[in-house]
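Structure record follows, encoded as structure tokens.
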Amino acid sequence: MRTQVAIIGSGPAGLLLGALLANAGIDAIIIERKSRDYVLSRIRAGVLEQGTVDLLRSVGVGHRLDAEGMAHDGFALAYEGRTLRIDLKTLTGGRRVTVYGQTEVTRDLMDARAAAGLTTIYEAENVAVHDFDTGHPRLTYVADGVTQELHCDFIAGCDGFHGISRASVPAAAITLFERVYPFGWLGILADVPPCDHELIYASHDRGFALCTMRSTTRSRYYIQCRAGEQPGDWSDAAFWDELRRRLPPEVAARVTTGPSIEKSVAPLRSFVAEPLRFGRLFLAGDAAHIVPPTGAKGLNLAAGDAFYLASALTEYYGEKSLAGINHYSARALDRIWKAERFSWWMTTLMHRFDHHSTFEQRMQVAEFDFLRSSTAAQTAVAENYVGLPLV
Ligand code: RFL
Ligand code: PHB
């Protein structure tokens, strides 16, 4: 088999890249290790930047997003029992975010791909990349017990943090930057109305908590937990009790509880690989970088990478120019590092760290107090939260 661009992974990065390439008339095949249903069962991101929404509209999947996505003009930070609203719309000259689950983004992109007759191979085993340092890269994988070969011009490694693309690069050719946080997020999904119409990020002596949502009838809540804790360690009742303890009393009073329909623990990590190009292999999305979820940047960064990589490949095929391809890594990393900074900052501000002294705890409070008193500081938060421009 042959294609122009072989994409590994059908998460947001791979699917959006495939859609953008199809828009530009470039042929691409997606090779995914899991089944379609498995990919759709992963409950992850919920907040889309304006730029991500615009990209999704540009590939023709804006319809359901526009109908069902919830535009949010602000969010709240809570600490010491008080809340501070960050007015995104006013502070950024009219920009906002959209709450629409990653599952729905993925479903829309998969459906559009299937409707356009574009090829995705699910449940591909033993995917391996070969010869990406030559002019003739290829992938091998096993489908239904038979080894297959896919020849291509380029390989896009969109296979997430645990994928094989980054792992296939010689260690001497790649530099990794990492911080692992000493805690995780325990999240639950429940068919109960959200406690507020906007998101609330709460810092508390007992740990961080986040109130978010998927719709007016479906809520998503997270609490900071110890690294290594399992979802089964927490009954629903224990979760709801702990959540309410960490929220300002008037918010806690509005929390409607109910049985969880999903419960999972996510570790928190900051991670960047440099560069993002190795001959004819590119890395994009979580394969290249991880942010802790506090800034809601992971999916949005994946979308940004897909946009930059699609532009580079479009330039290559359209103008026979290598300029875009040569520039992809630097262009994407510039924005990635800024999102890494924001996510690290917000994580450090909002969480309890066992090793923090009382001094560091007072620094967190001073930072909140400064934010409350400074429109300039709130503007910096708002600019980052709605998403830095895709330049
Ligand atoms: P994905 O989504 O992990 O997709 C990678 C795909 O590659 C497949 N794969 C392979 N395929 C073939 N061969 C192999 N060897 C393969 N190995 C892996 C996988 O099966 C998978 O289908 O990466 P991608 O596309 O880069 O997308 C990244 C986002 O999924 C991620 O950054 C976000 O979910 C992060 N995130 C959030 N991002 C936001 O922008 N806003 C949020 O509000 C937000 N909240 C979150 C989050 C992530 C969370 N967790 C669980 C880590 C909340 C949570 C709790
Ligand atoms: C979510 O809705 O799952 C969500 C929202 C905001 C975050 C992280 C996750 O910062």
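Just so you know, residue 1 is the first one in the sequence shown, and it goes up from there. Atoms within each ligand, like the ligands themselves, are counted from 1 in listed order.
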is_close_aromatic(F271, F177), centroid dist under 6.0 Å: no
Would one find more than 12 heavy atoms of other residues, nucleotides or ligands at under 6.0 Å from atom CZ of R226? no
Closest to atom 22 (O) of ligand 1 by heavy-atom distance, out of K34, H289, R42, is R42
Salt bridge check: are R113 and D108 linked by an N-O gap of less than 4.0 Å? no
Give the atom numbers and elements of ligand 2 that come within less than 4.0 Å of a heavy atom of V47. 5 (C), 6 (C)
What's the shortest distance from atom 4 (O) of ligand 1 to any protein heavy atom, and which residue and atom give it? G11 CA, 3.4 Å
Structural part of Y222 in contact with ligand 1, heavy atom criterion under 4.0 angstrom: side chain
Tell me if the NE2 atom of H63 is crowded by more than 12 foreign heavy atoms within 6.0 Å. no
Each residue besides W240 in its hydrophobic cluster should be listed here, by chain and number; the cluster joins Ile, Leu, Val, Met, Phe, Trp and Tyr at side-chain heavy-atom distances under 4.5 Å. L186, I188, V192, I200, Y221, I223, W234, F239, L243, L247, V251, V255, V265
Taking only heavy atoms of Y201 into account, list the atoms of ligand 2 that are under 4.0 Å away from them. 6 (C), 7 (C), 10 (O)
SB check K297 E49 (cutoff 4.0 Å): yes
May I ask you to identify, for L299, whether its side chain, its backbone, both or neither come under 4.0 Å of ligand 1 on a heavy-atom basis? both
Any carboxylate oxygen within less than 4.0 angstrom of a Lys/Arg side-chain nitrogen, looking at R33 and E125? no
min-distance protein heavy atom vs atom 46 (C) of ligand 1 -> A45 N, 4.0 Å
For ligand 2, which atoms, with element, lie under 4.0 Å from some heavy atom of L199? 5 (C), 6 (C)
Is C158 touching ligand 1 with its side chain, its backbone, both, or neither, if touching means heavy atoms under 4.0 Å apart? backbone
Purely on distance, is any nitrogen or oxygen of A296 under 3.5 Å from one on ligand 1? yes
Taking only heavy atoms of A296 into account, list the atoms of ligand 2 that are under 4.0 Å away from them. 6 (C), 7 (C), 10 (O)
Using a heavy-atom cut-off of under 4.0 Å, does the side chain or the backbone of K297 touch ligand 1, or both, or neither? backbone
T120, I30, L40 screened by side chain to side chain contact (heavy atoms under 4.5 Å, CB included) with M110, the one that passes: L40
Can you pull out the closest protein heavy atom to atom 20 (O) of ligand 1? Residue, atom name and distance to 0.1 Å, please. E32 OE2, 2.6 Å
Taking atom 48 (C) of ligand 1 as the reference point, the nearest protein heavy atom with its distance: R44 CB, 4.2 Å
Do the charged groups of K338 and D334 touch, with an N to O distance under 4.0 Å? yes
Is the shortest side-chain N to carboxylate O distance from E242 to R206 below 4.0 Å? yes
Per-atom contacts, ligand 2 versus R44 - under 4.0 Å to a heavy atom: 3 (O)
Using heavy-atom distances only, which candidate in A266, G298, S165, P293 approaches atom 52 (C) of ligand 1 most closely? A266
Which one of S35, G285, P12 has a non-hydrogen atom at the shortest distance from atom 27 (O) of ligand 1? P12
At a 4.0 Å threshold, what atoms of ligand 2 neighbour a non-hydrogen atom of P293? 7 (C), 8 (C), 10 (O)
Looking at atom 30 (O) of ligand 1, what's its closest protein heavy atom, distance included? Q102 NE2, 2.7 Å
What atoms of ligand 2 come closer than 4.0 angstrom to any heavy atom of T294? 10 (O)
Is the positively charged end of R95 above the ring of Y385, judged by distance under 6.0 angstrom from the centroid and angle within 45° of the axis? no
For V291, which part has a heavy atom under 4.0 Å from ligand 1: side chain, backbone, both, or neither? neither
Which residue and atom name correspond to the protein heavy atom nearest atom 3 (O) of ligand 2, and how close is it? Y222 OH, 2.6 Å
Atom 12 (C) of ligand 1 sits nearest the protein heavy atom R33 N, 3.3 Å
Which of the ligand 2 atoms, numbered from 1, are nearer than 4.0 Å to a heavy atom of W185: 8 (C)
Quick one: look up the protein heavy atom nearest atom 13 (N) of ligand 1 and list residue, atom name and how far away it is. V127 CG2, 3.5 Å
Part of D286 with heavy atoms under 4.0 Å of ligand 1, whether side chain, backbone, both or neither: both
Do any heavy atoms of L210 fall under 4.0 Å from ligand 2? yes
Should the pair R36-D111 be classified as a salt bridge under the 4.0 Å nitrogen-to-oxygen rule? yes
Ring centre gap for F132 and F278 strictly below 6.0 Å: no
Kindly give the heavy-atom pair with the smallest separation between R214 and T212, and that separation in Å. NH1-OG1, 4.2 Å
Residues Y222, F208; criterion ring-ring contact (aromatic ring centres under 6.0 Å, His included); working and verdict: CA-CA 8 Å; Y222 298 97; F208 169 78; 8.2 Å; no
Within 45 degrees of the axis of the six-membered ring of F154 and under 6.0 Å from its centre: does R280 put its NZ or CZ there? yes
